[in-house]
Amino acid sequence: MIDVLNLALPFFGLIFLGMACGRFARIPDSGLAWMDFFVIWVALPSLFYRVLSQTPAGELGQVWFIVATTLATFVAFLITFGIALALRRGRLAEATIIGLAGSFGNVGYMGPGLAVSALGTEAAAPVALVFCFDTLLVFSLAPFLMAVARGGGAGAFATLLLVLRRIALHPFIVASVLGVASAALEVRPPVALDRLLQFLQNAAAPCALFALGVTVAMRPVDRLSAEMPIAIAVKLLVHPLVALALLSLLGPFAETWVATAVLLAALPTALSIFVLARQYDTWVAEASSLIMVGIVVSVFTVTTVLWLIKTHRLPLNFLG
């Protein structure tokens, strides 16, 4: 158990260090802009590209793995969305944000560093696949359902095209596509460029986690709601169980891939959900509070999942 704590706590320690700095340093929100840019546009894309480009192309064509993990995210969304729709008396916009909060984990910031540290570099390929297809799912659901909620008509179609364009040009997805292409064509960058990418890869997780903590600290916990514990429970408990069940049903898959997918499913709600809430001016304060509370609770749940993985107690034949 000490080994698991030694693995997990530094990652959460970086988040809480960022939260402490965000609370007490009193640096304006704009001061985080360059850190965000470095993480999103430089460091994490370098990580995805470098690892995927060094992964055998055959490992990246895991169609049933993609189906299982993406379907697990969708099931978690449907569960949370359905409960929220009932509790919110049919208010579709609010139920959409709550549903996304219960299904979309912090795969971009926390996923790569935590999974690779726990499971080795072979975990990077499933991390990239989960991120790409979960992003496609979530950022397609959000504009579509928001357009329906607001009676968008032609505007809904235009919004959907705009968001799909942003997805296609997202730096994580572009880097992943280039990495897959490099692996398929067996293209290797020059030594100097590869070393630069390695430096950036090593900087990705620490910078991302610190930036996540600072950003969360700037969103006050000032509004709680009945849906919050439900969304947190679905995200941290139900989602990984659903992922494990679907992977068992649609597998078999390599043990590392199953462990990676379950670990990613157990991660707390992504900060992107707060961004979406603010974009659509829906459930904004509650989304901010949910993200912060979810991170605190996930210290215990994610550590438990890591313990199950590291002690080989994760039931890989969940349905068998």
Side-chain angles (χ1 to χ4, degrees), residues 12 15 19 69-111 130-131 133-150 163 167 212-213 215-243 263-302 305:
F12 288 105
I15 296 174
M19 291 171 67
T69 54
T70 308
L71 184 58
T73 301
F74 185 59
V75 169
F77 169 79
L78 288 178
I79 293 171
T80 318
F81 175 78
I83 294 173
L85 198 62
L87 292 177
R88 289 276 160 170
R89 301 180 183 276
R91 292 197 285 271
L92 183 58
E94 294 179 3
T96 297
I97 297 298
I98 299 168
L100 295 175
S103 58
F104 191 42
N106 214 315
V107 180
Y109 273 5
M110 294 182 67
V130 170
F131 173 82
F133 287 92
D134 273 13
T135 299
L136 287 170
L137 173 67
V138 169
F139 287 94
S140 299
L141 283 172
F144 173 75
L145 290 174
M146 286 299 184
V148 171
R150 299 177 181 186
V163 173
I167 292 172
L212 172 62
T215 305
V216 169
M218 294 179 175
R219 319 298 177 199
V221 180
D222 58 1
R223 190 173 303 177
L224 304 177
S225 67
E227 298 85 5
M228 182 183 297
I230 295 171
I232 292 175
V234 173
K235 182 68 209 67
L236 299 180
L237 301 176
V238 177
H239 190 185
L241 289 174
V242 172
L263 178 59
L264 296 180
L267 293 178
T269 301
L271 192 64
S272 307
I273 303 307
F274 172 77
V275 175
L276 284 172
R278 188 167 56 181
Q279 176 183 346
Y280 293 107
D281 194 24
T282 301
W283 217 63
V284 179
E286 295 91 337
S288 171
S289 301
L290 182 147
I291 289 168
M292 184 174 289
V293 173
I295 287 175
V296 174
V297 176
S298 71
V299 173
F300 305 98
T301 56
V302 172
V305 171

Report yes if some heavy atom in the side chain of P268 is under 4.5 Å from a heavy atom in the side chain of I291; otherwise report no.
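No; the side chains remain at least 4.5 Å from each other.
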Counting only N and O atoms by type, is there a donor-acceptor contact under 3.5 Å from the side chain of K235 to the main-chain atoms of A265?
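Between the backbone of A265 and the side chain of K235 there is a qualifying donor-acceptor contact (under 3.5 Å).
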Please lay out, stage by stage, how I230 and L87 fare under the test side chain to side chain contact (heavy atoms under 4.5 Å, CB included).
CA-CA 11 Å; I230 295 171; L87 292 177; 3.7 Å; yes
How close do [X] and [Y] get, counting heavy atoms only, and between which atoms?
X    : Y    : value
V284 : A277 : CG2-O, 3.3 Å
A270 : G105 : CB-O, 3.4 Å
A266 : V305 : CB-CG2, 3.9 Å
L290 : A231 : CD1-CB, 3.6 Å
A142 : L100 : CB-CD1, 3.8 Å
L264 : G111 : CD2-CA, 3.7 Å

How many angstroms lie between atom [atom1] of [X] and atom [atom2] of [Y], to the nearest 0.5 angstrom?
X    : Y    : atom1 : atom2 : value
I98  : I273 : CD1   : CD1   : 11.5 Å
I97  : D281 : CD1   : CG    : 10.5 Å
I232 : T80  : CD1   : OG1   : 11.0 Å
F12  : S298 : CZ    : OG    : 4.0 Å
F131 : N106 : CZ    : CG    : 10.0 Å

I'd like to know whether T96 forms a side chain to side chain contact (heavy atoms under 4.5 Å, CB included) with L141, so could you lay out the CA-CA distance, the side-chain angles of the two residues, the decisive distance to 0.1 Å, and finally the verdict.
CA-CA 8 Å; T96 297; L141 283 172; over 6 Å; no
Tell me, please, which residues at least two apart from D134 pass side chain to side chain donor-acceptor pair (under 3.5 Å).
T73
Sequence neighbours left out, what passes side-chain contact (heavy atoms from CB on, under 4.5 Å) with A93? Give chain and number order.
M146, A149, T282
So, using side-chain contact (heavy atoms from CB on, under 4.5 Å) as the criterion, who are the partners of L237 when residues are at least two apart?
T301
Could you walk me through whether I15 and M110 satisfy the side chain to side chain contact (heavy atoms under 4.5 Å, CB included) test, starting with their C-alpha distance in whole Å, then the side-chain angles of each, then the deciding distance to 0.1 Å, before giving a yes or no?
CA-CA 9 Å; I15 296 174; M110 294 182 67; 3.9 Å; yes
Listed partners of F274 passing ring pair (Phe, Tyr, Trp, His ring centres under 6.0 Å), at least two apart
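Applying ring pair (Phe, Tyr, Trp, His ring centres under 6.0 Å) to F274 gives none.
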Not counting sequence neighbours, which residues clear ring pair (Phe, Tyr, Trp, His ring centres under 6.0 Å) with F74? List them please.
none
Go through H239 and F104 one step at a time and tell me if the side chain to side chain contact (heavy atoms under 4.5 Å, CB included) criterion holds.
CA-CA 9 Å; H239 190 185; F104 191 42; over 6 Å; no
With sequence neighbours left out, which residue pairs that include part of residues 92-107 fulfil the salt bridge (charged side-chain N to carboxylate O under 4.0 Å, His left out) condition?
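Non-adjacent pairs meeting salt bridge (charged side-chain N to carboxylate O under 4.0 Å, His left out): R88-E94, R91-E94.
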